Amino acid sequence: MKKGIFYWMLIVSFGISSCGISKEVRTASVNLVEKQKQSLEAHKNFHKGVINALSVILDAELINSKKVYDASIYDQNLAIIEIIRELDKDQNLSDLEKRIEEEKARQKINARIKKAQTNFLVRNETLTNAKNKLKEASSSLIEAEKYKSTAIENLNNYLQQKRPSEKLLEMINIDLSQYTRYVNDANKALLEVDDYMDKSKK
């Protein structure tokens, strides 16, 4: 008799645990999983489009930077030629004095060229770093969305089970922890992008 009572108590307790989550909640959970899949694809497409557009802009800046550099070098070379011509016409200077003045002018021109080269290399590196950090931020955000999707799927699995596993809850916490980590990584990378873009304007 006692065994029979215990048996029915187990059945009732299992029945309560399986019915503790309504059918509506389970259905909503399944729908959430599907919506998150759509959201993940939308994120991927959005990031791909934005990154491609910004890459085109930054590539154009790199090309323009090269044009500015080339024009600067060309102008400096013309300047030294013009200085030599003017010195050659000057009848008040001896040949030695002309050579001295030419060397002084050449050193000044070379210093300007060296500065232009340094500015060009620094700006190129800055723009390239901005591109790379932008891609890194995008990748981190996509990874974050993937972990959020996994967490939602695990939550759905938890809700669908008649006897939910505590291990699924642990997995959900791990997924959400990874989600937070990747979001933080993305925010850090975006701050670096801002920093690089500010430097490129100087």
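No experiment lies behind these values; they were computed from the predicted model shown.
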Novice: What do the steps show when you test Asn156 against Ile152 for side-chain contact (heavy atoms from CB on, under 4.5 Å), and what is the final call?
Specialist: CA-CA 6 Å; Asn156 176 59; Ile152 290 174; 5.5 Å; no

Novice: Can a donor-acceptor pair be found, under 3.5 Å and without considering hydrogens, that links the side chain of Ser140 to the backbone of Glu136?
Specialist: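 It does hold such a pair.
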
Novice: Grouping I, L, V, M, F, W and Y whenever their side-chain heavy atoms are under 4.5 Å apart, do Ile83 and Leu93 come out in a common cluster?
Specialist: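 Ile83 clusters together with Leu93.
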
Novice: Find out whether Leu155 and Val33 are in side-chain contact, i.e. whether some heavy atom of one side chain is under 4.5 Å from a heavy atom of the other.
Specialist: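 Leu155 vs Val33: side chains apart.
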
Novice: Find the distance between CD (Glu102) and CG (Leu87) and round it off to the nearest 0.5 Å.
Specialist: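 Answer rounded to 0.5 Å: 7.0 Å.
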
Novice: Quick one: closest heavy-atom pair of Ser149 and Leu40, and the distance?
Specialist: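 Minimum heavy-atom contact is OG-CD2, 3.9 Å.
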
Novice: With a 4.0 Å cut-off, would you call Lys98 and Glu101 a salt bridge?
Specialist: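 No, no charged N to carboxylate O under 4.0 Å.
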
Novice: Could you give the distance from OG1 (Thr150) to CD1 (Ile174), rounded to the nearest 0.5 Å?
Specialist: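 Rounded to the nearest 0.5 Å, the OG1-CD1 separation comes to 11.5 Å.
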
Novice: When clusters are formed by joining ILVMFWY residues with side-chain heavy atoms under 4.5 Å apart, either directly or through shared neighbours, do Leu78 and Ile84 land in the same one?
Specialist: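 Unlinked, Leu78 and Ile84 end up in two clusters.
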
Novice: For Glu103 and Gln107, which I'm curious about, is there any donor-acceptor pair between the side chains at under 3.5 Å?
Specialist: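 Yes, a side-chain donor-acceptor pair sits under 3.5 Å.
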
Novice: Would you confirm whether Arg26, through its side chain, and Leu159, through its main-chain N or O, come within 3.5 Å as a donor-acceptor pair?
Specialist: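 Yes.
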
Novice: Grab the two heavy atoms, one from Ala151 and one from Ile172, that are nearest each other, plus how far apart they are.
Specialist: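 In this case the closest contact between Ala151 and Ile172 is O-CG1, 3.9 Å.
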
Novice: Do the side chains of Arg99 and Asp95 get close enough for a salt bridge, i.e. N-O under 4.0 angstrom?
Specialist: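 Asp95 and Arg99: not salt-bridged.
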
Novice: Please report the shortest heavy-atom distance between Ile80 and Ala105, naming the atom on each side.
Specialist: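 That would be CD1-C, 4.0 Å.
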
Novice: If I compare all heavy atoms of Ala130 with all of Val193, which pair ends up nearest, and what's the gap?
Specialist: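 Reported closest heavy-atom pair: O-CG2, 3.8 Å.
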
Novice: What heavy-atom pair brings Ala186 and Ala137 nearest, and what distance separates the two atoms?
Specialist: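 Heavy atoms only, the tightest pair is CB-O, 3.6 Å.
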
Novice: Side-chain contact, heavy-atom cut-off 4.5 Å: Thr128 with Leu62?
Specialist: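 Contact flag for Thr128/Leu62 side chains = yes.
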
Novice: As an exercise, state the distance from CD of Glu24 to CG of Asn31, rounded to the nearest 0.5 Å.
Specialist: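 Spacing of CD (Glu24) from CG (Asn31) equals 12.0 Å.
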
Novice: Could you check whether any side-chain N or O of Asn129 sits under 3.5 Å from a backbone N or O of Glu125, counting only pairs where one atom can act as donor and the other as acceptor?
Specialist: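 Pair found, side chain donor or acceptor close to backbone of Glu125.
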
Novice: Mind checking the CD-CG spacing from Glu192 to Asp194? Nearest 0.5 Å is all I need.
Specialist: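 Result: 10.5 Å between the selected atoms.
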
Novice: Return yes if some donor-acceptor pair links the side-chain N/O of Ser138 with the main-chain N/O of Leu134 below 3.5 Å, else return no.
Specialist: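 No; judged by distance alone, with no hydrogens or angles, the pair does not exist.
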
Novice: Same hydrophobic cluster for Tyr69 and Leu58, using side-chain heavy-atom links shorter than 4.5 Å among ILVMFWY?
Specialist: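 Shared cluster, no.
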
Novice: If only atom types and distance count, is the side chain of Ser65 paired as donor or acceptor with the main-chain N or O of Glu61 below 3.5 Å?
Specialist: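 No, because the side chain of Ser65 does not come within donor-acceptor range (under 3.5 Å) of the backbone of Glu61.
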
Novice: Taking a hydrophobic cluster as the set of Ile, Leu, Val, Met, Phe, Trp and Tyr residues connected by side-chain heavy atoms closer than 4.5 Å, whether directly or through intermediates, do Val68 and Leu121 fall within one such cluster?
Specialist: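 As far as the 4.5 Å side-chain criterion goes, Leu121 and Val68 are not connected within one cluster.
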
Novice: State, to 0.1 Å, how close Tyr147 and Tyr179 come at their nearest heavy-atom pair, and which atoms those are.
Specialist: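 Shortest heavy-atom separation between Tyr147 and Tyr179 comes out as CB-N, 4.0 Å.
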
Novice: Considering only heavy atoms from C-beta outward, does the side chain of Leu96 approach that of Ile100 to under 4.5 Å?
Specialist: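 Side chain of Leu96 against side chain of Ile100, heavy atoms only: contact under 4.5 Å found.
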
Novice: Got a second to check how far Met197's CE is from Leu127's CG, nearest 0.5 Å?
Specialist: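 Answer rounded to 0.5 Å: 6.0 Å.
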
Novice: Hey, what do you get for NZ (Lys108) to CZ (Arg112), rounding to the nearest 0.5 Å?
Specialist: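 Rounded to the nearest 0.5 Å, the NZ-CZ separation comes to 7.5 Å.
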
Novice: Is a side-chain N or O of Ser55 found less than 3.5 angstrom from the main chain of Ile51, in a donor-acceptor match?
Specialist: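 At least one qualifying donor-acceptor pair exists.
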
Novice: Not counting sequence neighbours, which residues clear side chain to side chain donor-acceptor pair (under 3.5 Å) with Asn110? List them please.
Specialist: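 Here no residue qualifies.
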
Novice: State plainly whether one hydrophobic cluster holds both Leu191 and Leu141, where clusters connect Ile, Leu, Val, Met, Phe, Trp and Tyr through side-chain heavy atoms under 4.5 angstrom apart.
Specialist: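 As far as the 4.5 Å side-chain criterion goes, Leu141 and Leu191 are not connected within one cluster.
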
Novice: List the steps and the verdict of side-chain contact (heavy atoms from CB on, under 4.5 Å) for Asn77 and Ile113.
Specialist: CA-CA 9 Å; Asn77 287 330; Ile113 289 175; 4.1 Å; yes

Novice: Using modelled atom types and a 3.5 Å cut-off, is there a donor and acceptor pairing between side-chain atoms of Asn157 and backbone atoms of Glu153?
Specialist: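 Yes: the side chain of Asn157 pairs with the backbone of Glu153.
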
Novice: Does the side-chain contact (heavy atoms from CB on, under 4.5 Å) test come out yes or no for His43 and Lys146, once each step is laid out?
Specialist: CA-CA 10 Å; His43 271 277; Lys146 287 179 181 177; over 6 Å; no

Novice: For Ala60, does its backbone N or O pair with a side-chain atom of Asn64 as donor and acceptor, under 3.5 Å?
Specialist: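 No, the answer is negative, given that no donor and acceptor are paired below the 3.5 Å cut-off.
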
